[in-house]
2 protein chains.
Amino acid sequence: MPEQNFEVEHQQALHNLKQNLPSDDDLDAMVNIFKAFGDMTRVKIILALSETPLSVGEIADTLDMSQSSISHQLSILKQLNLVSNARRGRNIHYRLSDQHILTIFKQTQDHIIEDENDF
Amino acid sequence: MPEQNFEVEHQQALHNLKQNLPSDDDLDAMVNIFKAFGDMTRVKIILALSETPLSVGEIADTLDMSQSSISHQLSILKQLNLVSNARRGRNIHYRLSDQHILTIFKQTQDHIIEDENDF
DNA sequence: TTTATATATGAATGATTGCTCATATATTCA
DNA sequence: TGAATATATGAGCAATCATTCATATATAAA
């Protein structure tokens, strides 16, 4: 009875799940990073910074958005340690904190591309 | 004058950026997937499904949430092709569409872990 | 010092979103 | 067929969020 066997394993997996799912606290950091990536403006900022460090004004100019809006978004990215900043002359230059971010973007693109091949 | 050289390269990069940044249309799919990942409930659903396919009721029970809420979230994940479903007896079983998703989660955890080591 | 420039920040606002409640749909069982 | 069970869905609501506007802070230039 292979069908019942499957059912037993399923019940076992189900029981384990309820105990072993990560807690909110454990998942919070990850969810917050995904939240940060779930906004077009922030994604564009990150892609821009992946090419070269940029000042706030340069980013605003590149994305054709207000200085204030970019500054607000940068502060969110900074709080999550996704970017860091340093004064350079009279500007403040932002840069990506590490390259993991781009790897994640690439993985996601891969998912999307594989998806388009379904039909 | 290495300092000026840097400046010239920076200006060039800046100029290229403004032309080569992906369009909203290009980024839309990626941003929507990150939006989906940017919610605790949906992340937990995905983690649960990474262990075994589950019915709507089983997910609701596992996460201790209402059937309606889970159903709503599943429909979002399904629209993005992150999960698929199939009737099995009188239930509908959901499963992850592909394993890329878990790779992305792992990469993100790596970023967080590396981050904690900064001080 | 004064003036100009770059960035940050707080309040207000419109839009989006996740949940609940009520109900519709669909399948199984008697 | 009719009752019971599982899932889906639409409307409503409270909370979150991205942007704007006005203004504060900080550095550089004159």
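Every chain is numbered from 1, with letters handed out A, B, ... down the list of sequences. Not measured: the values here are computed from a predicted model.
Distances were taken from every side-chain heavy atom of A/Val56 (C-beta onward) to each of D/dT7, C/dA8, D/dA8; the shortest belongs to C/dA8. Of the candidate nucleotides D/dA18, C/dG18, C/dA6, C/dG18 has the atom nearest to the side chain of B/Ile76. Of the candidate nucleotides D/dT9, D/dT19, C/dC19, C/dC19 has the atom lying nearest to any side-chain atom of B/Ser69. For A/Arg90, taking side-chain heavy atoms from C-beta onward, the closest of the listed nucleotides C/dC19, D/dA8, C/dT5 is C/dT5.
As judged by a 4.0 angstrom heavy-atom cut-off over every strand, B/Ser75 is placed among residues making no nucleic acid contact. A/Ser71 comes within 4.0 angstrom of a nucleotide base, judged by non-hydrogen atoms across all strands. Residue B/Lys78 is classed as having no contact, given no heavy-atom separation below 4.0 Å to the nucleic acid.
Ring orientation note: the planes of B/Phe37 and B/Phe105 are nearly perpendicular, at an angle over 60° on the 30°/60° scale.
When rounded to the nearest whole Å, the span between NZ of B/Lys44 and P of C/dG18 equals 15 Å. For the pair A/Asn85 CG and C/dA8 P, the interatomic distance rounds to 7 Å; values are reported in whole Å. The distance from atom CZ of A/Arg88 to atom C1' of C/dT5 is 18 Å, rounded to the nearest whole Å. The NE2-P distance, from A/His93 to C/dT7, rounds to 8 Å in whole Å. In this structure, A/Leu54 atom CG and C/dT7 atom P are separated by 11 Å, rounded to whole Å. The separation between A/Ile92 atom CD1 and C/dA6 atom C1' is 8 Å, rounded to whole Å. For A/Met65 and D/dT20, the CE to C1' distance is 10 Å, given to the nearest whole Å. Look at CZ on B/Phe34: it is 17 Å from P on C/dT17, rounded to the nearest Å.
Looking at A/Leu63, A/Asp39, A/Ile59, A/Thr62 one by one, the single match for side chain to side chain contact (heavy atoms under 4.5 Å, CB included) with A/Lys44 turns out to be A/Leu63.
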> Where do A/Lys18 and B/Asp61 land on the salt bridge (Lys or Arg N to Asp or Glu O under 4.0 Å) test, with the steps shown first?
Replying inline: CA-CA 8 Å; A/Lys18 191 145 186 178; B/Asp61 184 56; 3.5 Å; yes

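Residue side chain B/His72 meets the stacking definition with respect to D/dT9: its ring centre sits within less than 5.5 angstrom of the base's six-membered ring centre, and the planes differ by less than 30 degrees.
Under 3.5 Å, the side chains of B/His93 and B/Asn85 contain no donor-acceptor pair of N or O atoms. Using a 3.5 Å distance cut-off with no hydrogens or angles, the side chains of B/His100 and A/Asp110 do not pair a donor with an acceptor.
For B/Tyr94 and D/dA6, the shortest distance from a side-chain N or O to OP1 or OP2 is not below 4.0 Å. Close to C/dT5, at under 4.0 Å from its OP1 or OP2, lies no side-chain N or O of A/Asn91. For the OP1/OP2 pair of C/dT20 and a distance below 4.0 Å, the side-chain nitrogens and oxygens of B/Ser68 include no atom meeting the criterion. Taking side-chain N and O atoms only, B/Arg87 has no distance below 4.0 Å to OP1 or OP2 of D/dA6.
Between A/Gly89 and A/Arg42, the residue whose closest nucleotide on DNA chain D is further toward the 5' end is A/Arg42.
Taking 3.5 Å as the limit, the base of D/dA6 and the side chain of B/Gln67 contain no donor-acceptor pair of atoms between them.
Residues B/Ala48 and A/Leu21 come closest through the heavy atom pair N-CD2, 4.1 Å.
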